[in-house]
Amino acid sequence: MRDCTGWLLDLYPDSEAGVVLWIVTQTGKRLRLRQPFTVEFAIAGPAPRLRSAWQWLRNQPIPVKLERSQGRDLFLTEPVTLLSIHTDAACQPRLFAQLCKAFPDLDYYNADIQLSLRHAALFDTFPLARCEIEYDAAGTVSSLHVLDSPWETDPQAVSLRILNLDSDVDPQYAPPQSLLVYDDAQMGEELALAHPQKLLEGLAEILTAYDPDILITAYGDSWILPYLIQKSAELHFSLPLNRDPEHRIIRKNERSYFSYGHIVFNNQQIHLFGRLHLDKKNSFLFKDCGLEGVLESARVTTLPIQTSARTSPGTGISSMQVLTALRNHILVPWHKQQVEQVKTAAEMITYDQGGLVYQPKIGLHHNVAELDFISMYPSVMVKCNISPETSRPDHLGSETEPGLVPLTLKPLLDKRVKIKLALGSLPPTDPRYKRYQAASATYKWLLVTCFGYLGYKNAKFGRIESHESVTMMGREALLTAKETAEDMGYEILHMYVDALWVIKDGVSRPDQLGPLLDAISERTGLSIALDGIYRWLAFLPSRADKRVAVPNRYFGVFQDGSIKFRGIEARRGDMPPFVTDTQIELVKILASAKSPAQLTYSIQQAERFLQQKVSLLRLGQIPLNQLIISQRLSRELSAYKSPSPAARALKQLQSIGQDKRPGQKIRFLYTLTHDGVQAWDLPEKPLHSQIDTTEYEKLLQRAVQTVFDPFAYHPSLVKETAYQECLC
DNA sequence: TACAGTCGGGG
DNA sequence: GTGTACGACTGTA
């Protein structure tokens, strides 16, 4: 018998039986261990059907242990009678698929659960958990103890070997000539793509010598790894991308799906075994929060690192709920079917609204304080114990046992608060600072998504009534905050879901807001913080009707000089960088005015800056990539009923055999050509003389108007003097 | 003018 | 493998 202490790098089903565990030991060894692992799932239904299923299970080849049992379905008051099926982890997905095909009418429980979650429920494991393990000479684990928890803020760190794999240029802009292979110290090699055999040999040598734990690529999912795999096959070369020789690399297909009212495109994925492949271009989490964020997300969701890097926070929070359910012996339904309960008309009025949204007072304001509730909705869920099983408001607070959702959220919220507090007192140079920031940003997404998930009808533990309870409590809290502020002599300029903007004569310093913040926290039981005090802030009217305010169109500058803007052109992803940058720069110039008196001067400065930009545009001196419009395709080309610019650009691409799927972005320029646009991904770039500058001036004019309007200033873009200055 | 198409939002 | 809202706004016909 041997034993070791180490960190769990990866966990997946063995091809034969049980699970494979990869351990990075304290002494730096990489161990591949196996552990027998039996899993359980269950079916419910009419007794005769369960008897038939019992017979069927007895007569099929996969070994199973069957028993009658009872379980708790969160959505039912009575216990459910079950036929529970115990089988080996490696066989369960196949057995479930076959059983489900033979008995589609039964209710399935705990049937489609990630292996890592099942393991976590039993052994308290999670990615990078520190473990103490006993195993025999054949590498079979006999005991496993986890020594730390995902909720520790400073776990003993594991030292991982990281290898980066990029191309010399971004393949989106030009065809790459070589691959760059380098470690974290930026030491590495450049391998020419022109010589595949030499490329493979060079890479194999590095992989063997360095034996990385994590392979971080740019476009490894969509291009580099598929390319390497294909070349290896063609040349009969054995490239050690994988660490586990018994497991083949798997490719998960690309797909498009709906999320948040948009169609989203997910590229294909390449997963390795025993080594982790992370594609930084195919992971929102990686782009947002870096490797630290990816690892942190895996730790708290218990999803495998390669999976957690590529999934949405919705999947993450859902996994956490499933884990809570498993640990508390609550059945996890498959294909949750649930209808909204009938409500009276009166109930509809109180329930069926979202967050509280006010009409802001249009125009320019000075010394405005913005107060934000911290993680308002998740806090409400925990504080009021809102969960699918405790969601009716007449039940609110009456449950003594915390529900599934609060139980899941509590440790996450607590850890985020702990980290945020620590961040406040740490210097940015502290080694923990970066990790804490990444972790906080990661948890933020998990927490935010949890609320939406509560109201999603296909979520395993969603229930629309819980969703509505949360928004109702949120509205109440915001109204309480409003009353509190008014009681203390503040004027409310605006309220929006979890934030309010207030002013009061003589209040212009953060410390003056302390009593108000304390009073609101006291009266609502929720944490609220000062986002900042604006030197000035402009709430914008609707373009259609200048008398009507729009709840989320504003821009302003805080006392520290940082600017904040919502809903204006620069926030939109479909504006060309030229317009976005110019608009932001204009706001910054106006922001440099420390007092209303200095504004006149700043406005003049802003106008001069603007005239220069316009001149450069007309002279064709703005680089083409500053003029690219990027839009998300919402459908197939044939499904477009009217030829939008994006559709016309897509048509151009398709005519040269390039395709874009719904959810992918298409980039184009406004041109003076027949279509009025030119797709950026065509081999030919347009000449500057073909650019439709009036179209860009129109976009710019609009963005400029947005910024200058609150200052009652209306510049025209044509100014001969500035134009001539640029000509010289 | 009506309808089609795109975007943001939370922190 | 997991949020098909909702309203502001612009473009097309």
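Numbers restart at 1 for each chain; the letters A, B, ... are given by sequence-line order, proteins then strands.
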Assess, by modelled atom type and distance only, whether the side chains of A:Tyr670 and A:Gln678 contain a donor and an acceptor separated by less than 3.5 Å. no
In this structure, which stretches of DNA chain C are paired as stems of three or more consecutive Watson-Crick or G-U pairs, both distances less than 3.5 Å? B:1-8 with C:6-13
Quick note, A:Val550 side chain, CB onward, closest among B:dC7, C:dA8, B:dG5 is C:dA8
Whole Å only: how far is the CD1 atom of A:Ile568 from the P atom of C:dT10? 14 Å
Is the ring pair A:Trp501/A:His494 parallel, tilted or perpendicular, if the boundaries are 30 and 60 degrees? parallel
Interatomic distance where NZ belongs to A:Lys546 and C1' belongs to C:dA8 [whole Å]: 15 Å
Do A:Arg543 and A:Thr706 meet the criterion of a side-chain donor-acceptor pair at a distance under 3.5 Å? yes
Looking at the side chain of A:Arg702, which of B:dG9, C:dC9, C:dG11 is the nearest nucleotide? C:dG11
Out of B:dC7, C:dG1, C:dG3, minimum distance to the side chain of A:Thr449 belongs to C:dG3
Under 4.0 Å between a Lys/Arg side-chain N and an Asp/Glu carboxylate O for A:Asp221 and A:Lys252? no
What is the nucleic acid contact for A:Ser542, judged by heavy atoms within less than 4.0 Å: base, sugar-phosphate only, or nothing? sugar-phosphate
How is A:Arg310 classified with respect to the nucleic acid when contacts are heavy atoms under 4.0 Å: base, sugar-phosphate, or nothing? nothing
Taking B:dG11 as the reference, what is the distance to C:dT4 when you measure between their C1' atoms (whole Å, please)? 25 Å
Listed nucleotide nearest any side-chain atom of A:Ala544, set B:dT6, C:dT12, C:dC9: C:dC9
Out of B:dT6, C:dT2, B:dG11, which nucleotide sits closest to the side chain of A:Asn266? C:dT2
Got a sec, which pairs hit salt bridge (charged side-chain N to carboxylate O under 4.0 Å, His left out) with one end in residues 633-648 of chain A, sequence neighbours left out? A:Glu636-A:Arg661
Rounded to the Å, how far apart are A:Asn552 CG and C:dC6 P? 17 Å
Which is it for A:Tyr377 and A:Asp498 under the side-chain hydrogen bond (donor to acceptor under 3.5 Å, both in side chains) test, yes or no, and what are the steps along the way? CA-CA 9 Å; A:Tyr377 285 163; A:Asp498 62 352; over 6 Å; no
Taking any heavy-atom pair under 4.0 Å as a contact, classify A:Pro551: base, sugar-phosphate, or nothing. nothing
Identify whether any heavy atom of A:Arg571 sits under 4.0 Å from a base atom; if not, whether one sits that close to sugar-phosphate; answer base, sugar-phosphate or nothing. base
Among C:dG1, C:dG11, B:dG11, the one nearest any side-chain atom of A:Asp112 is C:dG1
Pairs flagged by salt bridge (charged side-chain N to carboxylate O under 4.0 Å, His left out) wherever residues 435-453 of chain A is involved - sequence neighbours left out: A:Asp154-A:Arg435
